Amino acid sequence: MDLYSAQRITEAEAGRTGLGTGPNRRLRLTLIIGMPLVLLVFGIMILVPKSLMDDVLHVYEAGIIGCLLHYVWVFAKYPRHSGRPPYLTRDLAMGGGFFLPSMFLGFWPGMFAAPAWAVFVGVAYAMEERRARRGHR
């Protein structure tokens, strides 16, 4: 086994378990931090005066947009499935998970963008696989 193969096996195992490394880690932390924050936002909205409730909500909505843009940035950095670290396609598709906090808050852009993102990643993967199979015939 050469050094490159050993490194790929190590990366695959790290990507499959725990937080992974590199872009996998960044995407998983984005999801882990971004989604549960909706509970903190609800708590803060209960505690702040009514005049500040909308401001707290808009800050979290901007955070959701930032999280989704982070997913777009990582996709742009690794556009081809064949050039991605192991499990990165799965982690990219998890960006659709921002649908739930968007739905709870009534944030329409997030309600449409998050599932559309997951579909986009899936279609991009399917198209690349289709091209690869046609090229091998």
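Quantities reported herein were computed from a predicted structural model and do not represent experimental measurements.
The two atoms that bring Pro86 and Asn24 nearest to each other are O-ND2, 3.0 Å, heavy atoms only. Residues Leu31 and Met94 share a closest heavy-atom pair of CD1-O, 3.6 Å.
With rounding to the nearest 0.5 Å, the separation of CD in Glu128 from CZ in Arg84 is 6.5 Å. Separation of atoms CD (Glu129) and OG (Ser82) is listed at 9.0 Å; rounding is to 0.5 Å.
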Tell me which donor-acceptor pairs under 3.5 Å the side chains of residues 65-81 have, and how far apart each pair is, sequence neighbours excluded?
residue : atom : partner : partner atom : Å
His70   : ND1  : Thr30   : OG1          : 3.1
Tyr71   : OH   : Leu27   : O            : 3.1
His81   : ND1  : Thr89   : OG1          : 2.8

Side chains of residues 99-124: which donor-acceptor partners sit under 3.5 Å, not counting sequence neighbours?
residue : atom : partner : partner atom : Å
Ser102  : OG   : Phe98   : O            : 2.8
Trp117  : NE1  : Leu92   : O            : 2.8

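As a member of the Ile/Leu/Val/Met/Phe/Trp/Tyr network built from side-chain separations under 4.5 Å, Val59 groups with nothing else and remains a singleton.
With sequence neighbours left out, the side-chain hydrogen bond (donor to acceptor under 3.5 Å, both in side chains) criterion links Arg26 to no other residue. With sequence neighbours excluded, the residues forming a side-chain contact (heavy atoms from CB on, under 4.5 Å) with Ile44 are Leu40, Val48, Val56, listed by chain and number. Scanning for side-chain contact (heavy atoms from CB on, under 4.5 Å) contacts around Pro49 gives Ser51, Leu52, with sequence neighbours left out.
Identified under the ring-ring contact (aromatic ring centres under 6.0 Å, His included) test for residues 29-61, with sequence neighbours left out: none.
Judged by distance alone, the side chain of Asp91 and the main-chain N or O of Arg28 form no donor-acceptor pair under 3.5 Å.
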